[in-house]
Amino acid sequence: MEIQNNLPTTFEPAETENKWYDIWLRNKSFKPKKGKQNKTFTIMMPPPNVTGKLHMGHALDATTQDTLIRYKRMKGFETLWIPGTDHAGISTQAVVEKLLWKEEKKTRHDLGRDEFLKKVWSWKEEYGSEIVNQQKKIGVSCDWDYSTFTLDEVPNKAVKKFFVMLYNEGLIYQNDYIVNWDPILQSAISDAEVDHKDVKGFFYHVKYKVKETGEEIVIATTRPETMFADTAVAVNPEDERFSHLVGKTAIIPICNREIPIIGDEHVDIEKGTGCLKVTPGHDFNDFEIGKRHNLPIINILNKDGSFNENAPEITGLKPKEARAKVEELLGELLVEKKEHLNSVGHGERSGEIVEPIVSKQWFVNINKMAEESVRAVEDGDMTFFPKGWENTYFSWLRNPKDWCISRQLWWGHQIPVYYCDNSHQWAAEEHPESCPHCSSTNFTQDPDVLDTWFSSGLWPLSTLGWPDEEKMKELRFDDFYPNSVLVTGFDIIFFWVARMMMMSQKVTNQVPFKDVYIHALVRDKQGRKMSKSLGNGIDPIEMINQYGADAMRFTLAAGSGYNRDLNLDPERIEGYRNFVNKLWNAFRFVYPFLDKASDTLPTKSEWHLHDKWILAELNDVAKKMNDALDIYRFDDASSAIYQFVYDKFCSWYIELSKNILYGDDEKAKVIRATMLKYCFKKIVTLMHPMTPFITEEIWSYLSSNDEKLIDQEYVEFEDKLVNNEVLEMMNKFIEVTSGVRNIRASVNLKPKDEVDVRLFTDDKDLAKFIYESRHFLKDLANVKSGKIKSKAADRPKKSASFATTSTEIFIPLEGLIDINEQISRIKKEMDKTQVDFQKNEGKLNNQNFVQNAKPEVIAEVKEKADQLYEKLNSLKLILKSFED
RNA sequence: GGGCGUUUAGCUCAGCUGGGAGAGCGCUACCCUUACAAGGUAGAUGUCGGGGGUUCGAUCCCCUCAACGCCCACCA
């Protein structure tokens, strides 16, 4: 039979992907539509930085969310996926500053704030959409009309509204506080933005003189250069060596300033020398000690990290040079210098050592909000998947520290606080006309901007229009808030998840999302984090170009469950590309028969056993996939459909269909073609959330109208399709077929060599089915002829043989086979079966087992033992047949 | 120092409330069989990190040891 088939032998992703993405957009398929569930399903996309380039983490983010969105859309939820981008204060400003320097040799200060911000905006307009275009390549089905930028008008209103609200409640306050100062960014950064790294340094012992007694005490420090900012020496009041000194005065060497000696519990008697120099201006612990003892604060650092005139001997020097200078100046007063591994804070963005500096900053008191957010998870208002991540969340929120929200940058939401020339201070949502206290029109706005996370924290609200009432109506805040699920990585549970919870709860008294699915961190195949410096990053766009978006998506989905790492090897993408191609070729097989197929299933009485079987298997996959996707087990869903397509549909159902489709029975052909078409529709429907492009492409050949797969209903589990008898029968048939193939392989028969088989079974239904399937056996195992007899019958002599639990298989091949080889093969099989059998039989003979185990377990073991016993007997008979 | 997690076939990993040790990739042999060589058929591979305990029964629960990873805090 000549087959008309003009489909390419391999699936070509590039064209198909672009084509369908455009069609979906044109058809407005990504817009929310009322469905049969009469419920909404909302996800907001974690907004990537405008400066960003799409990396594998984004790709995973996008894939898992898109899979969920497409799944829920097909399930009949009114689905909204909100995209957006983040202004990313620090990194965007840095990118533009760098560019400005490169092109014009100017700094932002040369331009001034307004001019500089104009530059950043125009940069954003030009390059900010690159990452969005990359997202589209992945196939994200979000509603682009909802797209929001964190510096848009609405988020800006949200930020101001929230700020003013907390300011007026006294929860936002300004304070001199010791903060992490990044000398490169020249801004304060929050604790969470500091990475601690071990740095080789030294432990110094330095002599200070006691003024009153003339004694010398030795203090221990890792940073001698900060001695110019010392405002006390502290000892533990319980320390017998030094307690008599409390209340006396110490003299700092070099600058000879006098400072008090105080007693403080913080000092560890065991550590160092027991004497501690207290530098409240440049050390977090010392700052606390200073507060307890009302010590003055001296700042000896400039904004760029160099020393200022408060440390005259080292003014202008950077810490490293300063330390060398101080060592020199100390001379003999430096009594010891030991190597020491020190954990030093580094700016997450700049990589530079951060300096603790006391400065005026804005803080949010989060105590109360944190409590509420802890409670929400404890009460199950919000649930983490996997559950373990709630520990990370709790550990941070149960020990809340005030959040430093001011940043000394220009690019961002400017703090809505104003100062008038009569030193009044107030916060306002709208730019004021005059001071509300004294009506002065001479006022300035605080120059600082807010931490990026301050606006990100309000994302669930601002993306739906809050606080602008008209916008909220237009964007349907009430329908889509709270979100259904947040999908993100564990690295931003503190930064983002916790803050969205606190801020959203504060505003709405509701959690911002019901579930949080924390996906894995993508690493390279050796488990290393992908990083620029290692050069081990895998570019998702490159992977898409090479293997197709579907293959990449399926790989990421198959690797995503409740794991915390996803080690990605491009070879795996290649493997799943092969799978996508397999599906394509399966479709190429079906394609020429589509014109025979009907769109309605034949009546049940006309179903072949194969049909009942594949529908039962299909039903089983539908259940597995629905169950898995409902709880974010993308890995289970992927592996279920993968196994079905390869091991059930392609290997058996299609193979078994050839005999019918290439045969003469026209009616049977129509039925089989119809069944194949039906199955294919279900398969591409099931797979669509993971691999949208190829499935939509195949659907276009299967659908009789212009409807798109993206809008179809998902496949649900149906009770009436469960059919265990048929499953059992087919499994036995498959076992027998494989048995024949196994024998063929064992005697090195070529595929072309036909065989004559003798089957012995007492299962009458099976015997009947195999008899009816004799033509199929010819196709599947090149069986030319055969006989089926009961086990009471005589076995043929000197045959290659094999036994399944139901059937003995003999292939008479006298003269062609190596008897000894056959005997050893059977013996090996016997040994294996014997071990298995004894394991089960042993249990049954164990009184304790029989008395204690659950009845269904006992029944299972018994059945297993019976089957193995039968197989064992069959194998014995086969062996005997060689001896005769 | 506190917390979390990991350790299962050469590699990457799955194994739900204890009752058959699995998948993918890789590997071996044979095959370009008319959907697919990005394929097919058959096959090999594991003291489930070590030790102890609970149990009729432990990859799964408990204790302990070891290795590795991550997070937080701190290190004068």
Side-chain angles (χ1 to χ4, degrees), chain A residues 1-3 5 7 9-11 191-192 196 198 203-205 219-223 234 266-268 271-279 283-286 340-344 388-389 391-392 394-396 399 490-491 493-494 521 525-527 529 547 551 558-559 561-569 571-572 574-592 633 635-636 639 642-643 650-651 654-655 658 662 738 741-746 748-752 779-782 836 839-840 843 846-854 856-858 860-861 864:
Chain A
M1 173 176 178
E2 191 67 20
I3 299 170
N5 205 336
L7 301 176
T9 51
T10 50
F11 178 62
D191 290 343
H196 286 270
D198 280 340
F203 211 3
Y204 299 86
H205 287 186
I219 58 99
T221 179
T222 53
R223 301 195 59 191
H266 170 77
V267 182
D268 188 336
K271 226 177 223 170
T273 58
C275 292
L276 176 69
K277 69 196 259 311
V278 183
T279 320
D283 184 283
F284 287 93
N285 286 311
D286 293 4
H340 179 71
L341 210 56
N342 221 359
S343 152
V344 179
W389 286 113
N391 291 321
T392 304
F394 285 145
S395 77
W396 198 69
N399 183 20
F490 59 80
D491 47 337
I493 289 177
F494 307 142
L521 194 69
K525 66 172 175 179
Q526 293 162 49
K529 214 167 166 169
Y547 300 117
Y562 291 171
N563 44 329
R564 63 171 62 200
D565 297 313
L566 197 174
N567 294 355
L568 187 67
D569 183 346
E571 269 186 36
R572 298 197 64 176
E574 187 183 340
Y576 287 119
R577 187 273 316 264
N578 295 351
F579 172 59
V580 167
N581 191 52
K582 179 85 179 174
L583 183 75
W584 178 250
N585 274 294
F587 177 67
R588 284 185 68 234
F589 169 77
V590 175
Y591 178 66
R633 288 301 304 251
D635 49 353
D636 289 347
S639 98
Y642 184 99
Q643 285 174 21
C650 290
S651 293
I654 284 188
E655 292 305 326
K658 288 178 177 173
Y662 295 144
S738 300
R741 286 168 171 176
N742 175 303
I743 295 171
R744 295 180 58 105
S746 78
N748 292 323
L749 283 178
K750 303 286 176 208
K752 278 179 192 146
D779 290 345
L780 296 171
N782 207 3
D836 265 2
K839 214 190 272 174
N840 287 283
K843 279 185 184 176
N846 181 343
Q847 278 308 305
N848 286 322
F849 173 75
V850 179
Q851 276 162 24
N852 293 313
K854 283 180 277 185
E856 60 265 35
V857 173
I858 298 175
E860 222 171 275
V861 171
K864 187 102 201 168

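All chains are named by letter (A, B, ...) in the order of the sequence lines, taking the proteins before the strands, and each is independently numbered beginning at 1.
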So how far is it from [X] [atom1] to [Y] [atom2], rounded to the nearest 0.5 Å?
X       : Y       : atom1 : atom2 : answer
I858(A) : K843(A) : CD1   : NZ    : 10.5 Å
F11(A)  : N578(A) : CZ    : CG    : 13.5 Å
L521(A) : N563(A) : CG    : CG    : 10.5 Å

In whole Å, what separates the [atom1] atom of [N] from that of [M]?
N      : M      : atom1 : result
C13(B) : U8(B)  : C1'   : 9 Å
G5(B)  : U17(B) : P     : 14 Å
C27(B) : G20(B) : C1'   : 26 Å
C68(B) : C30(B) : P     : 44 Å
U54(B) : A67(B) : P     : 28 Å
G39(B) : A35(B) : C1'   : 10 Å
A44(B) : A23(B) : P     : 12 Å
A29(B) : C65(B) : P     : 48 Å

N585(A) side-chain N/O to N581(A) backbone N/O, donor-acceptor pair under 3.5 Å: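 Side chain of N585(A) to backbone of N581(A): a pair is present.
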Polar side-chain atom of N840(A) near backbone of D836(A) as donor-acceptor pair, under 3.5 Å: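 Yes: the side chain of N840(A) pairs with the backbone of D836(A).
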Residue whose nearest RNA chain B nucleotide is more 5′ - F494(A) or R223(A):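 The 5'-side residue here is F494(A).
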Taking only N/O atoms, report every protein-nucleotides 13-21 of chain B pair under 3.5 Å with atom names and distance.
| from | atom 1 | to | atom 2 | distance (Å) |
| --- | --- | --- | --- | --- |
| C13(B) | OP1 | N567(A) | ND2 | 3.0 |
| A14(B) | O3' | R633(A) | NH2 | 3.4 |
| G15(B) | OP1 | R633(A) | NH1 | 3.1 |
| G15(B) | OP1 | R633(A) | NH2 | 3.1 |
| G20(B) | OP2 | K843(A) | NZ | 3.4 |
| A21(B) | OP1 | K839(A) | NZ | 2.7 |

Shortest side-chain distance from R741(A), nucleotide among C31(B), U41(B), G24(B):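 Of the candidates, U41(B) comes closest.
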Nearest-neighbour nucleotide for the Y662(A) side chain, C56(B), A35(B), C71(B) considered: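 Given the options C56(B), A35(B), C71(B), the side chain of Y662(A) is closest to A35(B).
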OP1 or OP2 of A42(B) under 4.0 Å from side-chain N/O of S738(A):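 Yes, such a contact exists.
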Test side-chain hydrogen bond (donor to acceptor under 3.5 Å, both in side chains) applied to N742(A) - qualifying residues, sequence neighbours left out: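 Checked N742(A) against side-chain hydrogen bond (donor to acceptor under 3.5 Å, both in side chains); matches are R825(A).
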Partners meeting side-chain hydrogen bond (donor to acceptor under 3.5 Å, both in side chains) with K839(A) (sequence neighbours left out):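 With neighbours one apart ignored, the set is empty.
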Tell me every residue that passes side chain to side chain contact (heavy atoms under 4.5 Å, CB included) with [X], counting only those two or more places apart in sequence or in another chain.
X       : value
E860(A) : none
N852(A) : N848(A)
D635(A) : R633(A)
H196(A) : V194(A), S343(A)

Below 3.5 Å is the cut-off: list the nitrogen or oxygen pairs between protein and nucleotides 36-40 of chain B, distance only.
| from | atom 1 | to | atom 2 | distance (Å) |
| --- | --- | --- | --- | --- |
| C36(B) | O4' | N585(A) | OD1 | 3.0 |
| C36(B) | O2' | N585(A) | ND2 | 3.4 |
| C36(B) | O2 | K582(A) | NZ | 3.2 |
| C36(B) | N3 | K582(A) | NZ | 3.0 |
| A38(B) | O4' | N578(A) | OD1 | 3.0 |
| A38(B) | O2' | N581(A) | ND2 | 3.2 |
| A38(B) | N3 | R577(A) | NE | 2.7 |
| G39(B) | OP1 | N578(A) | ND2 | 3.2 |
| G39(B) | O3' | K582(A) | NZ | 3.1 |
| G40(B) | OP1 | K582(A) | NZ | 2.8 |

Test ring pair (Phe, Tyr, Trp, His ring centres under 6.0 Å) applied to Y642(A) - qualifying residues, sequence neighbours left out: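 For Y642(A) the ring pair (Phe, Tyr, Trp, His ring centres under 6.0 Å) partners, ignoring immediate neighbours, are Y576(A), F579(A), Y646(A).
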Ring pair (Phe, Tyr, Trp, His ring centres under 6.0 Å) partners of Y562(A), counting only residues at least two apart: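 None.
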Minimum heavy-atom distance between K750(A) and R744(A), given as atom pair plus value: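 For K750(A) and R744(A), the tightest heavy-atom pair comes out as O-NH2, 2.7 Å.
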Secondary structure string for RNA chain B (Watson-Crick or G-U under 3.5 angstrom, | for other-strand pairs): (((((((..((((.....[..)))).(((((.......))))).....(((((..]....))))))))))))....
Atom pairs, N/O to N/O, protein against nucleotides 3-9 of chain B, distance under 3.5 Å?
| from | atom 1 | to | atom 2 | distance (Å) |
| --- | --- | --- | --- | --- |
| C4(B) | O2' | R564(A) | NH2 | 3.2 |

Sugar-phosphate, base or nothing in reach of V267(A), heavy atoms under 4.0 Å: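 Result for V267(A) = base.
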Sugar-phosphate, base or nothing in reach of F203(A), heavy atoms under 4.0 Å: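 Counting heavy atoms under 4.0 Å across all strands, the contact made by F203(A) is with sugar-phosphate only.
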